Amino acid sequence: MNGDPRGGEVDVGAEMQLNGVSALMELLHMDVETEEVKSRPATEDAACSRNILRKQRHWERQVAAKKSKRKEEKQRRKLHRKQEAGTSTDQPQFTKRVIKAITKERLAEAQSAGLKLCVDLSMTDCMSDKEISRLAGQLRRLYGSNKKATRPFHLFLTDLREDSCLYRECIRMNDGFLNYMMEITEESCVDLFPPESVVYLTPDAEEVLETVDADKVYVLGGLVDESIQKKLSLVRARELSVHAARLPIDEYMVKNDNVKNFHSKILAVNQVLDILLTFWDTGSWTEALQMWFPPGKGYVVAPGDSLMPSATQTQDKG
């Protein structure tokens, strides 16, 4: 069988035409895609611009907040340096061994005649593992502050069971915890002291703490509460049937404008101790709050006179 000799030419020609059509279709497809990109709705561009602007504003707010915080911390450190310079010039320089011996002697004296302060650790069942770890860190800083104090307190960790998570965390996180010069007990503050002598410090109390009395026993609620369960420490004070009072924050401080519009009177136990130690040493709430109230809480010491008469201590400083 002989085929048509022109059949091959027809097939080649048809193939070339098909290839040309395919190339043309590809070019048309590219043109269509280009036009689609060019004709993207203006609303999409606007939405993209709004997102960029929102992110930029958020970043600017964060930068402003960080600058403000750095400025406050710098002022606070400057104040500390001035106060330390004012006291260090009158004191001789000691070796570390001598300083350690003096510290131990002061703590021993506090255990026999110092103002008594308890940290109530009965509320750890309300706390997460993370919160318990944070509390263990606060207890380390609390002890460190007491060690450095000129007139340290006699410290008690009450309601601290040896089988508790907090006890194990304190041993894990705090070197030498079992050798701390403080009392560690499973008993409560009212098991150790007459209830009428106990003053439970809680931010939810109505009555303000005007002074610090050497005949009283002060109790801090050992509580880290990120979920903000309200009035837990006040409820605990009522359970113990003891007097409750709050630090005079409203009487000596005012709200300070900040980027986050954040204001809180909730303090860590070591921060409350620092304030009490300074007041015990100086008799000035203004000085104690100005030195130790965290600037990030959104409060500053009120300018001029406070809303409360000058507080005076009733203990003998002799």
Side-chain angles (χ1 to χ4, degrees), residues 103-104 106-124 135-160 166 170 174 177 180-205 207-224 232-234 236-237 240 242-249 266-285 288-289 291-293 311 313-317:
T103 299
K104 190 172 182 179
R106 284 176 179 170
L107 290 173
E109 184 179 350
Q111 286 185 307
S112 62
L115 184 140
K116 298 175 178 62
L117 185 136
C118 303
V119 182
D120 176 12
L121 301 172
S122 65
M123 295 176 281
T124 54
L135 179 57
Q138 290 178 14
L139 294 176
R140 180 182 65 248
R141 290 189 287 274
L142 174 136
Y143 181 69
S145 292
N146 201 50
K147 279 178 61 178
K148 295 175 185 176
T150 306
R151 304 172 69 230
F153 293 165
H154 185 185
L155 297 180
F156 295 78
L157 301 185
T158 63
D159 295 276
L160 182 56
L166 177 61
C170 284
N174 306 337
F177 174 73
Y180 282 5
M181 292 185 69
M182 62 167 65
E183 315 297 334
I184 300 175
T185 176
E186 294 187 5
E187 295 183 289
S188 72
C189 56
V190 293
D191 293 328
L192 301 174
F193 307 103
E196 61 270 15
S197 69
V198 174
V199 179
Y200 205 113
L201 298 180
T202 166
D204 299 307
E207 187 171 334
V208 64
L209 182 69
E210 297 184 13
T211 189
V212 175
D213 188 342
D215 295 327
K216 298 292 185 182
V217 178
Y218 295 92
V219 181
L220 310 182
L223 181 66
V224 175
L232 284 178
S233 55
L234 181 60
R236 175 61 175 163
L240 297 172
V242 298
H243 187 72
R246 59 176 174 80
L247 292 177
I249 297 171
I266 308 299
L267 301 176
V269 289
N270 58 294
Q271 293 168 340
V272 178
L273 176 78
D274 286 330
I275 291 170
L276 292 175
L277 282 170
T278 301
F279 178 79
W280 180 244
D281 197 41
T282 65
S284 169
W285 285 119
L289 292 168
M291 185 181 297
W292 295 111
F293 196 92
Q313 290 171 276
T314 59
Q315 84 282 3
D316 181 13
K317 286 192 177 184

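What you are looking at is a predicted structure, and each value in this text was computed from that prediction instead of being measured.
- In this structure, CE on Met181 lies 10.0 Å from NZ on Lys147, to the nearest 0.5 angstrom.
- Ring geometry for Phe156 versus Phe193: interplanar angle over 60°, hence perpendicular rather than tilted (30 to 60°).
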* To do: Dump the intermediate steps for side-chain contact (heavy atoms from CB on, under 4.5 Å) on Asn270 and Tyr143, then the final yes or no.
  => CA-CA 8 Å; Asn270 58 294; Tyr143 181 69; over 6 Å; no
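- Side chain of Asp281 to main chain of Arg151: no donor-acceptor pair is present (N/O by atom type, distance under 3.5 Å, no hydrogens or angles).
- Smallest separation of non-hydrogen atoms from Val212 and Trp280: CG1-CE3, 3.6 Å.
- Remark: the backbone N or O of Phe153 is paired with a side-chain donor or acceptor of Asn146 at under 3.5 angstrom.
- Here the closest heavy-atom approach between residue Leu107 and residue Pro152 is recorded as CD2-CB, 4.0 Å.
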* Verify side-chain contact (heavy atoms from CB on, under 4.5 Å) between Leu155 and Leu273, making sure each step is shown before the conclusion. => CA-CA 10 Å; Leu155 297 180; Leu273 176 78; 4.3 Å; yes
Result block: side-chain N/O donor-acceptor pairs under 3.5 angstrom for residues 110-123, not counting sequence neighbours:
from: Gln111; atom 1: NE2; to: Glu183; atom 2: OE2; distance (Å): 3.3
from: Ser112; atom 1: OG; to: Glu109; atom 2: O; distance (Å): 2.8
from: Asp120; atom 1: OD1; to: Ser122; atom 2: N; distance (Å): 3.1
from: Asp120; atom 1: OD1; to: Ser122; atom 2: OG; distance (Å): 2.9
from: Asp120; atom 1: OD2; to: Ser122; atom 2: OG; distance (Å): 3.4
from: Asp120; atom 1: OD2; to: Tyr200; atom 2: OH; distance (Å): 2.9
from: Asp120; atom 1: OD2; to: Arg236; atom 2: NE; distance (Å): 2.9
from: Ser122; atom 1: OG; to: Arg236; atom 2: NE; distance (Å): 3.0
from: Ser122; atom 1: OG; to: Arg236; atom 2: NH2; distance (Å): 3.4

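- Between Asp159 and Cys189, the shortest heavy-atom distance links the atoms OD2-N, 4.4 Å.
- Ala205 approaches Leu234 most closely through the heavy-atom pair CA-CD1, 4.4 Å.
- Looking at every heavy atom in both residues, Tyr218 comes nearest to Thr211 through OH-O, 3.9 Å.
- One finds the CG atom of Asn174 at 9.5 Å from the CZ atom of Arg141 (value rounded to the nearest 0.5 Å).
- Residues forming a side-chain hydrogen bond (donor to acceptor under 3.5 Å, both in side chains) with Thr185 (at least two apart in sequence, or on another chain): none.
- A side-chain contact (heavy atoms from CB on, under 4.5 Å) with Val272 is found for one member of Ile275, Leu276, Val269 and no other, namely Leu276.
- Across all their heavy atoms, Ala136 and Leu166 have their closest contact at N-CD1, 4.0 Å.
- Atom CG of Leu247 is separated from atom OG1 of Thr202 by 10.0 Å, given to the nearest 0.5 angstrom.
- Annotation: the span from Ile249 atom CD1 to Leu209 atom CG amounts to 11.0 Å, rounded to 0.5 Å.
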* To do: Check the pair Glu207 / His243 against side-chain contact (heavy atoms from CB on, under 4.5 Å), numbers first and verdict last.
  => CA-CA 9 Å; Glu207 187 171 334; His243 187 72; 3.0 Å; yes
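- In this pair, Phe177 and Tyr180 present their aromatic rings perpendicular. The plane angle is above 60°, beyond the 30 to 60° band.
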* Go through Leu139 and Leu157 one step at a time and tell me if the side-chain contact (heavy atoms from CB on, under 4.5 Å) criterion holds. => CA-CA 9 Å; Leu139 294 176; Leu157 301 185; 4.0 Å; yes
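- Separation of atoms OG1 (Thr158) and CD (Glu186) is listed at 11.5 Å; rounding is to 0.5 Å.
- Atoms CD1 and CG, on Ile266 and Leu223 in that order, are 9.0 Å from each other to the nearest 0.5 Å.
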